Amino acid sequence: ELVQLYKEMQPLQGTAVSMVLTQEIKQSLATILDDDEALADSGISYSGDFRSWSVGDNIQFNVSSPRVGLGVLCSSFEEYISLSSCQLKEKNNYFLRDCLYFSKSTDAPLEVVKYREILRFLEMLKSCAHYFDERAGALVFYKDCKFEIPVSYTFDLVAAFDSAALVGLELLMSGKLHETQKKRLLAETVTDISAGVLLEQRFSHLIKHIGELSRKAQVGYDLFSTDFTYEKAKEEVHSFKLETTARLHKVISDVQTQVLGVPLGTFVALSQMKKANHLGSQFAINLVILFGAIVFSMLLAGLLFNQYLTL
């Protein structure tokens with residue numbers, strides 16, 4: 001009901017307004033003015049008897065902001081943004097009298113669109129800050145020492161905000177890949193750009209230089225991702241070289257051990273074989289030794305083939 005009244009009001013001097021009374025407006029006013037509690041909450045004040053008002057009359061009364069819980073009434077967006085609490089979070093309900101805009105409407109003026117973009121930027125900075133001091137309204141980072149960025153900006157900065165730079169920054173920070181590293185890089189870039197700027201001007205400085213902030217953050221991430229890929233590949237190659245070298249040394253050692261057993265086994269076998277003039281016990285011994293040598297040779301050949309497969 002208040003929004004409907006606000007849209008029909010014509011501002012006069014101070015808080016005074018006028019409007020042409022229609023049947024619909026008369027019913028809305030009657031609902032408010034007949035209820036003392038609703039009247040006090042509405043911020044509307046008048047003189048005379050509202051029941052004497054007729055449809056078509058040009059009526060006058062005074063309008064100020066309603067109870068805080070109901071919303072905020074401002075003459076312009078510039079007045080709205082001057083409220084420090086509105087710079088941290090958008091009010092649920094507010095009405096701008098100069099452009100007849102209500103916060104729940106879909107056709108937001110350009111300055112409101114950019115204002116909401118700045119609030120998105122603020123939320124992004126909150127995510128990479130060590131914490132946000134709600135009472136002081138300040139972002140807190142720790143570099144070499146505590147580094148604060150109080151949130152404060154003006155209407156002119158809202159109007160000139162670089163929307164494209166914000167889109168690029170949001171694109172960089174989106175996704176889960178390297179999320180922690182990206183937040184750390186953004187925090188470092190924020191403190192670097194803000195270093196040397198007066199405390200109360202730091203957030204305004206970030207808004208002015210969001211394009212630079214976006215570019216530096218992107219360059220930092222590109223360097224990180226390139227270094228990350230190279231280092232990972234280098235570590236994998238190094239690990240493969242170590243593993244291959246160890247396997248090669250083991251195979252060579254095993255082959256050497258097994259080859260050294262060939263002459264020893266041959267010498268033992270030959271020392272046991274003697275000349276046999278007839279089919280007797282010596283012939284049987286020689287036959288067993290020969291059979292054993294053949295089996296030994298086959299086993300050795302199998303082991304050597306196994307080492308070849310290991311390579």
Side-chain angles (χ1 to χ4, degrees), residues 1-123 134 137 151-161 163 166 204 207:
E1 292 176 344
L2 284 175
V3 172
Q4 183 185 6
L5 294 176
Y6 292 159
K7 289 183 176 181
E8 299 297 329
M9 294 186 304
Q10 298 297 321
L12 300 175
Q13 187 175 6
T15 60
V17 298
S18 67
M19 67 171 61
V20 176
L21 195 65
T22 65
Q23 185 62 41
E24 190 176 5
I25 291 174
K26 184 177 181 180
Q27 290 176 354
S28 297
L29 278 172
T31 301
I32 296 171
L33 302 182
D34 266 337
D35 186 332
D36 292 339
E37 184 176 349
L39 179 61
D41 290 344
S42 69
I44 295 175
S45 60
Y46 69 99
S47 58
D49 184 5
F50 74 90
R51 293 178 181 83
S52 64
W53 297 344
S54 301
V55 174
D57 289 350
N58 192 316
I59 59 174
Q60 295 184 11
F61 51 91
N62 294 302
V63 176
S64 57
S65 284
R67 179 172 57 83
V68 174
L70 293 178
V72 178
L73 174 65
C74 296
S75 60
S76 64
F77 180 74
E78 189 169 0
E79 180 187 347
Y80 169 82
I81 203 65
S82 66
L83 303 173
S84 58
S85 60
C86 296
Q87 296 188 11
L88 302 177
K89 184 178 180 181
E90 185 176 13
K91 296 292 186 183
N92 289 328
N93 298 297
Y94 60 91
F95 189 87
L96 308 178
R97 289 169 58 178
D98 61 343
C99 58
L100 302 179
Y101 174 70
F102 176 54
S103 56
K104 293 292 192 294
S105 301
T106 55
D107 53 339
L110 181 60
E111 58 265 27
V112 174
V113 173
K114 287 184 174 287
Y115 162 65
R116 289 169 177 168
E117 290 174 346
I118 289 179
L119 294 181
R120 277 164 37 203
F121 177 53
L122 175 58
E123 289 302 314
E134 296 282 354
V151 178
S152 177
Y153 50 96
T154 62
F155 171 77
D156 291 337
L157 288 175
V158 174
F161 186 68
S163 304
L166 175 64
S204 296
I207 291 177

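Given the structure is predicted, the values throughout are model-derived calculations rather than measurements.
Counting heavy atoms from C-beta on, the side chains of V17 and R97 come closer than 4.5 Å. Between L29 and L21 the shortest side-chain heavy-atom distance falls below 4.5 Å. Side-chain contact between I44 and N62 is absent, with no heavy atoms from C-beta onward closer than 4.5 Å. Within the 4.5 Å cutoff, no side-chain heavy atoms of Y46 are placed close to those of I59. Counting heavy atoms from C-beta outward, L122 and V151 have side chains that approach closer than 4.5 Å. The shortest distance between side-chain heavy atoms of L119 and L88 does not fall below 4.5 Å. Between R116 and V113 there is no side-chain heavy-atom pair separated by less than 4.5 Å. Inter-residue side-chain proximity for D34 and L39 is flagged as unmet; no heavy-atom pair is nearer than 4.5 Å.
For D57 (side chain) and S54 (main-chain N/O), a donor-acceptor pair under 3.5 Å exists by modelled atom type. Side-chain N or O atoms of K26 include one that pairs as donor or acceptor with a backbone N or O of W53 at under 3.5 Å. D35 contributes a side-chain N or O that, together with a main-chain N or O of E37, makes up a donor-acceptor pair within less than 3.5 Å. Between the side chain of T22 and the backbone N or O of V55 there is no donor-acceptor pair closer than 3.5 Å. The backbone N or O of I81 sits less than 3.5 Å from a side-chain atom of Q87, completing a donor-acceptor pair. With hydrogens and angles ignored, the 3.5 Å screen pairs no side-chain donor or acceptor of S42 with any backbone N or O of P66.
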Worksheet item: Where do F77 and D98 land on the side chain to side chain contact (heavy atoms under 4.5 Å, CB included) test, with the steps shown first?
Response: CA-CA 8 Å; F77 180 74; D98 61 343; 5.8 Å; no

Discussion item. Pair C86, Y115 - check side chain to side chain contact (heavy atoms under 4.5 Å, CB included), show working.
Written reply: CA-CA 10 Å; C86 296; Y115 162 65; 4.1 Å; yes

Practice prompt. Begin with the C-alpha distance, continue with both residues' side-chain angles, and end with the deciding distance and a verdict on side chain to side chain contact (heavy atoms under 4.5 Å, CB included) for L73 and L2.
Written response: CA-CA 10 Å; L73 174 65; L2 284 175; over 6 Å; no

Item to complete: Test F161 against Y153 for side chain to side chain contact (heavy atoms under 4.5 Å, CB included), laying out the working first.
Response: CA-CA 11 Å; F161 186 68; Y153 50 96; over 6 Å; no

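Between the CD atom of E79 and the OG atom of S65 there is a distance of 7.0 Å, given to the nearest 0.5 Å.
The shortest non-hydrogen separation linking V63 to F61 is CG2-CE1, 3.4 Å. Here the closest heavy-atom approach between residue I25 and residue V20 is recorded as CD1-O, 3.8 Å. The shortest heavy-atom contact between L166 and E117 is CD2-O, 3.4 Å. Closest approach of M19 and E8 over heavy atoms only: CB-O, 3.6 Å. The minimum heavy-atom distance between S152 and S204, with the atom names listed, is O-OG, 2.9 Å.
Side-chain contact, Y101 with Y94: no donor N or O sits under 3.5 Å from an acceptor N or O. Side-chain polar atoms of S163 and K114 form a donor-acceptor pair below 3.5 angstrom. Judged purely by distance below 3.5 Å, without hydrogens or angles, the side chains of Q10 and S18 never pair a donor atom with an acceptor atom.
Under a cut-off of 6.0 angstrom, the local environment of CD in E90 is crowded, with over 12 non-hydrogen atoms contributed by other residues, nucleotides or ligands. Within 6.0 Å of the NZ atom in K89, the count of heavy atoms belonging to other residues, nucleotides or ligands does not exceed 12.
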